[in-house]
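So the structure is just underneath, and the comments pick up after that.
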There are 2 protein chains.
Amino acid sequence: MLQHQAPPSLDPVFQALADPSRRSMLERLTLGPASVSQLAEPLPMTLAAVGQHIAVLEAAGLVKSQKVGRVRTCTLDTTVLTQAEKWINDLRVAVERQLDRLGVYLAETKPADEA
Amino acid sequence: MLQHQAPPSLDPVFQALADPSRRSMLERLTLGPASVSQLAEPLPMTLAAVGQHIAVLEAAGLVKSQKVGRVRTCTLDTTVLTQAEKWINDLRVAVERQLDRLGVYLAETKPADEA
DNA sequence: GAGATACTAAAGGAAATGCTTCAGCATCAA
DNA sequence: TTGATGCTGAAGCATTTCCTTTAGTATCTC
């Protein structure tokens, strides 16, 4: 059966992005794939905690990983990242349109007013 | 790159965006300013709960509000929204650059289609 | 095989989150 | 003034989050 994607929730994505440790892990992954230990190295917490953060990131769809031997290698997946970006962008654009309409309305209602 | 201002944390912004009720409130606010009651109207929760959500949105800087008489009117503020969007975009662009470099590396290392 | 390495699972605890109810306080309308 | 409206503060409660420690398992190195 074809895997048809149901619209993935933005909840776990924004939730995952809300943590500074997880964001720094994502930033690290922009340099290239990394193991759990490598992701843990700069962080002031145990390896177990980092493993749990990775689970959160994977559940959100932000990170993929595969284990080869005893090393789990993580990579970024930008799919849901793009969806989150689009949600924010849509919202921002909608606000700006609303403000434009307000501006037009004010200009038409109260024309040629000197400040 | 100028950094004209103390960096406001993205933590509370993404945290605020992680809740579907709060995201729906933000979407409502793209239509124009709204009172607490108006924001609460479509939501299956008490007015008090909505008030708490608004406090979260305001603490994150996503919403501004002012009280006139007994009515608090909320509006969207896109400043931090833009910053969150930029963080995501920067990350995504960095990943794509990384993947490009990887592609170049593979092309140079293992030239073309011969084994 | 012995020991080091790289995780991973489980349990637990402090704090945060997302609600509720109840009570109260201004404000507006009649 | 009486009463309805719009919100707000406080307390409480169930759940989730973020971390710890402990105790593993699987893998690599020697």
Side-chain angles (χ1 to χ4, degrees), chain A residues 8-29 31-76 80 84, chain B residues 8-29 31-76 80 84:
Chain A
S9 172
L10 288 179
D11 290 22
V13 179
F14 285 128
Q15 181 61 46
L17 294 179
D19 186 276
S21 300
R22 286 193 293 260
R23 284 202 309 280
S24 79
M25 291 164 113
L26 295 178
E27 287 169 350
R28 163 61 185 85
L29 287 176
L31 304 177
S35 69
V36 178
S37 303
Q38 287 173 328
L39 289 174
E41 193 269 329
L43 295 176
M45 65 181 70
T46 63
L47 192 66
V50 171
Q52 289 164 13
H53 279 306
I54 291 174
V56 171
L57 291 168
E58 267 199 275
L62 288 161
V63 160
K64 308 287 177 193
S65 76
Q66 63 173 358
K67 198 160 183 176
V68 175
R70 57 189 167 164
V71 177
R72 175 171 304 279
T73 299
C74 303
T75 55
L76 262 165
V80 295
Chain B
S9 176
L10 287 178
D11 290 21
V13 179
F14 285 128
Q15 181 62 44
L17 294 179
D19 185 275
S21 300
R22 286 193 292 259
R23 284 202 308 279
S24 79
M25 291 178 178
L26 295 178
E27 287 169 352
R28 163 63 185 84
L29 287 176
L31 304 177
S35 69
V36 177
S37 304
Q38 287 173 327
L39 289 174
E41 193 268 331
L43 295 175
M45 64 181 67
T46 62
L47 191 66
V50 172
Q52 290 165 13
H53 279 305
I54 291 174
V56 171
L57 291 168
E58 267 198 277
L62 288 161
V63 160
K64 307 286 176 192
S65 76
Q66 62 172 358
K67 198 160 183 177
V68 176
R70 56 186 169 167
V71 177
R72 174 171 305 278
T73 299
C74 303
T75 55
L76 263 167
V80 294

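Owing to the predicted nature of the structure, the values given are computational and were not obtained by experimental measurement. Order of the sequence lines sets the chain letters (A, B, ...), proteins ahead of strands, with each chain counted from 1. Values reported hereafter were calculated over all heavy atoms of this structure, with side chains retained and with hydrogens, waters and symmetry mates removed.
One interatomic measurement links the two molecules: CG of Leu39(A) to P of dA6(C), which rounds to 13 Å at whole-angstrom precision. Across the protein-nucleic acid pair, Ile54(B) atom CD1 and dT17(C) atom P stand 17 Å apart, rounded to whole Å. Distance, Leu47(B) CG to dT5(D) C1': 10 Å, rounded to whole Å. With rounding to whole Å, Glu41(B) atom CD is found 16 Å from dT5(D) atom C1'. At whole-Å resolution of the value, CG in Asp11(B) and P in dT17(D) are 15 Å apart. Separating the CE atom of Met45(B) from the P atom of dC13(D) is a distance of 21 Å, rounded to the nearest angstrom. Rounded to a whole Å, the CG atom of Leu43(A) is 13 Å from the C1' atom of dC19(D). The nearest whole Å value for the distance from the CG atom in Asp19(A) to the C1' atom in dT17(C) is 15 Å.
The two residues Ala16(B) and Ala60(B) have their closest heavy-atom pair at CB-CB, 4.0 Å. The nearest pair of heavy atoms linking Gln38(B) to Pro33(B) is OE1-O, 4.3 Å. Smallest separation of non-hydrogen atoms from Leu47(B) and Ala40(B): CD1-CB, 3.7 Å. His53(B) and Ser21(B) get closest at one heavy-atom pair: NE2-CB, 4.2 Å.
Here Lys67(A) does not reach the OP1 or OP2 of dT27(D): none of its side-chain N or O atoms lies under 4.0 Å away. Residue His53(B) has a polar side-chain atom (N or O) positioned under 4.0 Å from OP1 or OP2 of dC19(C). Phosphate proximity of dC7(C) to Ser35(A): present, with a side-chain N or O under 4.0 Å from OP1 or OP2.
Along DNA chain D, the nucleotide nearest Pro44(A) and the nucleotide nearest Gly69(A) are compared for position; the residue whose nucleotide lies closer to the 5' end is Pro44(A). In terms of position along DNA chain C, the nucleotide closest to Thr73(A) lies nearer the 5' end than the nucleotide closest to the other residue of the pair Gln15(A) and Thr73(A).
Using a 4.0 Å heavy-atom criterion, one finds that Gly51(B) contacts no nucleic acid atom at all. Here Thr46(B) lies in heavy-atom contact (under 4.0 Å) with a base.
With distances taken from any side-chain atom of Arg70(A) to the nucleotides dT20(C), dT8(D), dA6(C), the minimum falls on dA6(C). In this structure, of dT8(D), dA26(D), dC19(D), it is dT8(D) that holds the atom nearest to the side chain of Arg72(B). Considering only the side chain of Ala48(B), dT21(C) comes nearest among dT8(C), dC19(C), dT21(C). Among the nucleotides dG18(C), dC7(C), dA26(C), the one closest to the side chain of Val71(A) is dC7(C).
Taking a pair as Watson-Crick or G-U wobble with both distances under 3.5 Å, the runs of three or more consecutive pairs in DNA chain C are C:1-30 with D:1-30.
Contact check for Leu39(A) versus Leu29(A): side-chain heavy atoms found under the 4.5 Å cut-off. With contacts defined as side-chain heavy-atom distances shorter than 4.5 Å, the pair Val63(A)/Leu26(A) qualifies. Residues Val50(B) and Met25(B) have side chains in contact (heavy-atom distance under 4.5 Å, counting atoms from C-beta outward).
Of the possible polar contacts, none joining the Arg22(A) side chain to the Leu17(A) backbone as a donor-acceptor pair under 3.5 Å is found.
Taking only distance into account, the side chain of Gln52(B) meets the base of dT20(C) through a donor-acceptor pair shorter than 3.5 Å.
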